[in-house]
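Each remark here refers to the structure printed beneath this line.
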Protein chains: 2
Amino acid sequence: MGNRHTSLKDLARELNVSISTVSRALRNHPDISPEMREKVKQLANLRKYSPNPLAMGLLKQETRMIGVIVPDLVTHFYASIISGIESLAKEKGYFILIASSNESAEKEKESIENLRKARVEGLLICLSQETTDTGHFENLLEQGIPLVFFDRVCLQGQIPTVTADNAEAAGKITRHFYEQGYRRIAFISGPEQLNISRERLAGYKAGLEACNLPVDPDLIERCNLSHDSARQAMSRLLKLPNPPDAVFGINDTVAFAVMKEIKEHGLRIPRDMGLVGFTDEFHATVVEPQLTSITHPTFEMGRKAAELFFDKIEKNAPPETIILQTKLVVRESSAKHSD
Amino acid sequence: MGNRHTSLKDLARELNVSISTVSRALRNHPDISPEMREKVKQLANLRKYSPNPLAMGLLKQETRMIGVIVPDLVTHFYASIISGIESLAKEKGYFILIASSNESAEKEKESIENLRKARVEGLLICLSQETTDTGHFENLLEQGIPLVFFDRVCLQGQIPTVTADNAEAAGKITRHFYEQGYRRIAFISGPEQLNISRERLAGYKAGLEACNLPVDPDLIERCNLSHDSARQAMSRLLKLPNPPDAVFGINDTVAFAVMKEIKEHGLRIPRDMGLVGFTDEFHATVVEPQLTSITHPTFEMGRKAAELFFDKIEKNAPPETIILQTKLVVRESSAKHSD
DNA sequence: CTGAAAGCGCTAACAA
DNA sequence: TTGTTAGCGCTTTCAG
């Protein structure tokens, strides 16, 4: 396997100088003669020398790798956040190691261990929907491992986090429904331990109150974010003696499932039932009717999360809480007026 | 930064033995006393020792990292392939480093360099749609860097590849259209340099011939796989004096775009126009009508690609060409008969 | 059965 | 201005 890279030693031997001279020349150390510097650099170029990150890592005790854990890899949402993380990481000369928790607290813990074993310098995490125990995170904190949460977060104040302004966004949705003439607005939420569930629920309630609508517990459903469980939640809403005339799904995946359920019940969207999602998945404009949704600054969220990580390791900045603003994108599924 | 991991040295000092003894004990070396082995292992557990991969890598000249380059990160298709790669990599104790070429040949080259600098042991690549020059791949070959192509491939025979049976699948689609009563079947292809374009085109033509239908060049369009260019291609087809009554889009993203264009022209699917996609994206069942498509064994493709890589480094196996079978999943968009 | 020493590629303190 | 040496964490001869 001719797999070997040129090393400083190779260059030094070829030039009949010492390894340290080569090292210094390449790194523009002041006390090296200009001619030597040039000579070394030329040969390095020719031989395509690139420093061995393993050796550097061992020496400097840094790997220039950061670990990222997301609930799943196949959703556009997380993929887009990861792109954001990667964009800054790349600029800083870092690589990212990606792991998926598959929404399981167990796998999340396992991934943390694996990534630590790989010696990542820090961890950027979006909680699995199962996660309730925060012990392992506090462990990391004590060990001084930089940690950043994004989207689904916990331990705010202690750990830097980036979230969307979930409450505000949910309020916007409720008020939008109201303006369109909907009066019985349901919310299909996710697991209670997730901040996104709690915050969107709070925003939903606040929105209702702002419109002088009552908060009806019957209209608040929960699902585990899967397609099937979202459909079941919608099915329960439809069986209500006094069913809703509009539904807010906690995310677009849920909304897509809900849409199917509504259609199968023979109801028409948006006339019989308004529908709004959250996070503006790529396919929101492909479904019929096109889905009104909240545009979530995913790429920016990833970049900010990475920024918080670098703030920590470069300036040892205190934990910051960043809240990103969202936009309501009105499409067909909630446009009762123009129907 | 209390970021330090326990080292063999730490354990050795604590037990008052030499580093090599600790190393041997942990690795079950035969000539170490059972008691010593136990003592060492216990302490290692207690102190959460895990070998430093950097040190190992430096010593063994292996990083246990493989690089993966895909055209984009945000499509379910690639995400799913990556999951497949990761599943085997994980079993083998390897990590993967992911890079996206963004469909640019330039960025592809750049990614290869970056990953090489990170000292990945091999590269699994899905070509960007721009890639025509294969010089940098041949370079890698000469340097003895293990290389595997998946889905979009080149240099078959020289380099291990995994593809779907594109021609056979495209033939299935054409015949399916024919059976449903469609007679003017169009194909919206992708860039010519891509094997997937060529193979699917060949299968499409073979399918037509098998059904005794003429191959009409007017019915063969090209796009660059983007949403807009796919719509434009469909628009051109619709403006034909004798337009098609069915369209086969080279992938589901294209098919989704085509679907929109058809709808906006006031045509109904599948009655006025049949539509079939390729690769069975997650959202095929969410659009209306649900999209008939080819199920692409993405996860398996990723796993196979990884297998080929390990075959190469473990057994120095010769380049193999694997062709995976596909399945036609008939949904609403092509079901003229039942309409 | 256990220890000492060399070396993987690199930088930095110390010599010359 | 350049060379020598030690050491990052580990395995592996070679010596006891």
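Naming convention: chains lettered A, B, ... in sequence-line order (proteins, then strands); numbering from 1 in each chain.
Atom CD of B/E106 sits in a sparse spot, with 12 or fewer heavy atoms from other residues, nucleotides or ligands closer than 6.0 Å.
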So if I define the base as every atom that isn't primed, P, OP1 or OP2, how would nucleotides 6-16 of chain D read as a B/S/- string at a heavy-atom cutoff under 4.0 Å?
-BBBBBBB---
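Classification of B/E103 and B/R152 as a salt-bridged pair holds, one side-chain N sitting under 4.0 Å from a carboxylate O. With salt bridges taken as basic N to acidic carboxylate O contacts below 4.0 Å, one links B/R64 and B/E62. Checked for salt-bridge contact, B/R303 and B/E86 miss the test: no charged N lies under 4.0 Å from a carboxylate O. Ion pairing between a basic and an acidic side chain is recognised when a charged N comes within 4.0 Å of a carboxylate O; A/K90 and B/E110 show such pairing.
Bracketed by its first and final contacts, the part of DNA chain C lying under 4.0 Å from non-hydrogen atoms of chain A reaches from C/dC8 to C/dA13 in 5' to 3' order.
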Table please: side-chain donor-acceptor pairs of residues 21-28 of chain A below 3.5 Å, with sequence neighbours left out.
from: A/T21; atom 1: OG1; to: A/S18; atom 2: OG; distance (Å): 3.0
from: A/N28; atom 1: OD1; to: A/K41; atom 2: NZ; distance (Å): 2.7

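One side chain, A/E138 or A/T134, offers a donor N or O that lies under 3.5 Å from an acceptor on the other. Remark: the B/H5 side chain and the A/R116 side chain contain an N/O donor-acceptor pair separated by less than 3.5 Å.
DNA chain C lies under 4.0 Å from at least one heavy atom of each of the following residues of residues 10-17 of chain B: B/V17.
Residues satisfying the side-chain contact (heavy atoms from CB on, under 4.5 Å) test with B/T131, not counting sequence neighbours, are B/A105, B/E108, B/L127, B/S128, B/F137. Annotation: side chain to side chain donor-acceptor pair (under 3.5 Å) contacts of A/Q42 (sequence neighbours excluded): none.
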